[in-house]
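Quick note: numbers below take in every heavy atom, side chains included, and nothing from hydrogens, waters or symmetry partners.
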Amino acid sequence: DLAARNVLVAEGLCKIADFGLSRGGGTGGGDDDDTYTSSNGVFPVRWTAPEAMETMRFAPPTDVWSFGIVMIELLTDGEQPYYGTNNPDVMKLTMSGGRHPKPERCTDEIYKLLLECWDAEPAKRPTFTTLAARLKIMAKAAANVKRELRVSMNVKNRGAKVPHLKGAEESATAKEYLFHATLSYD
């Protein structure tokens, strides 16, 4: 059950904490170690790939779909995916080829990656190895932009202080500016 609510976060490390749909060792009821077949018909609708909704079979490509939805949760500060839409309508939307809309704070590049995670053909979805490599490249690019913005702010301000802010507050304001500027950079 890959959802933000099930991710434990520590310094530099995230772990999935809910093993309700875990698989492996050939004990999950699937044809191989990478597949789990749900026996009770209960599944997290908003995080589930269309083919899993139909077959109740979960595999790495369905997990990639779920990861895309977790990214939506991260980009919307934990807002429920498909907010304001009931589960039957979410099922109809995804089964008919509809996808979660692009969040306001999501770059075009990230949304393109999310759409790949939600490809109608499971075999066309990226693997987790590919996702990790691409996200690492995007993170490095964002860090470079952040560095460029910091240099630009220093050149423009030439060390000018904001009169009503002191020390940590001033630093926090600059970090907040950089954070929002990086999120909106396309």
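- Formation of a donor-acceptor pair under 3.5 Å by the Arg57 side chain with backbone atoms of Ala52 is not found in this model.
- In this structure, Leu75 is a member of the same hydrophobic cluster as Val9, with clusters built from ILVMFWY side-chain heavy atoms closer than 4.5 Å.
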Give the intermediate values and the outcome of side-chain contact (heavy atoms from CB on, under 4.5 Å) for residues Thr127 and Val64. CA-CA 7 Å; Thr127 64; Val64 167; 5.9 Å; no

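- Taking each heavy atom of Met71 and Leu114 in turn, the nearest pair found is CB-CD2, 3.5 Å.
- Distance alone, capped at 3.5 Å, places no donor-acceptor pair between the His100 side chain and the Ile69 backbone.
- The distance from the CG atom of Leu113 to the CD atom of Glu109 is 8.0 Å, given to the nearest 0.5 Å.
- Taking every heavy atom of both residues into account, Pro101 and Ile72 meet most closely at O-CD1, 4.3 Å.
- Scanning both residues, Ala3 and Trp47, for their nearest heavy atoms gives CB-NE1, 3.5 Å.
- Of the residues listed (Cys117, Pro122, Pro126), the one engaging Pro61 in a side-chain contact (heavy atoms from CB on, under 4.5 Å) is Pro122, and it is the only one.
- Atom-to-atom distance recorded for Glu79:CD and Asp77:CG is 9.0 Å, nearest 0.5 angstrom.
- A donor-acceptor contact shorter than 3.5 Å is absent between the side chain of Ser66 and the backbone of Thr48.
- Between the side chain of Glu73 and the main chain of Ala4, a donor-acceptor pair closer than 3.5 Å is present.
- Atom NZ of residue Lys92 and atom CG of residue Asn86 lie 7.5 Å apart, to the nearest 0.5 angstrom.
- For the atom pair CG (Asp108) and CG (Leu115), the distance works out to 10.5 Å, reported to the nearest 0.5 Å.
- Salt bridge annotation for Glu116-Arg134: present, with a cationic side-chain nitrogen under 4.0 angstrom from a carboxylate oxygen.
- A distance of 10.5 Å separates CG of Leu93 from CZ of Arg46, quoted to the nearest 0.5 Å.
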Start with the C-alpha gap between Thr76 and Tyr83, add the side-chain angles, then the distance that decides, and say whether side-chain contact (heavy atoms from CB on, under 4.5 Å) holds. CA-CA 10 Å; Thr76 59; Tyr83 181 78; over 6 Å; no

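- Under a 4.0 Å N-O distance rule, the pair Glu51/Arg125 qualifies as a salt bridge.
- The hydrophobic cluster containing Val70 also contains Met138, counting ILVMFWY residues as joined when their side-chain heavy atoms lie under 4.5 angstrom apart, directly or transitively.
- Looking only at distances, a side-chain donor or acceptor of Trp118 sits under 3.5 Å from a matching main-chain atom of Trp65.
- Interatomic distance, CG of Asn87 versus CZ of Phe43, reported as 8.5 Å (0.5 Å rounding).
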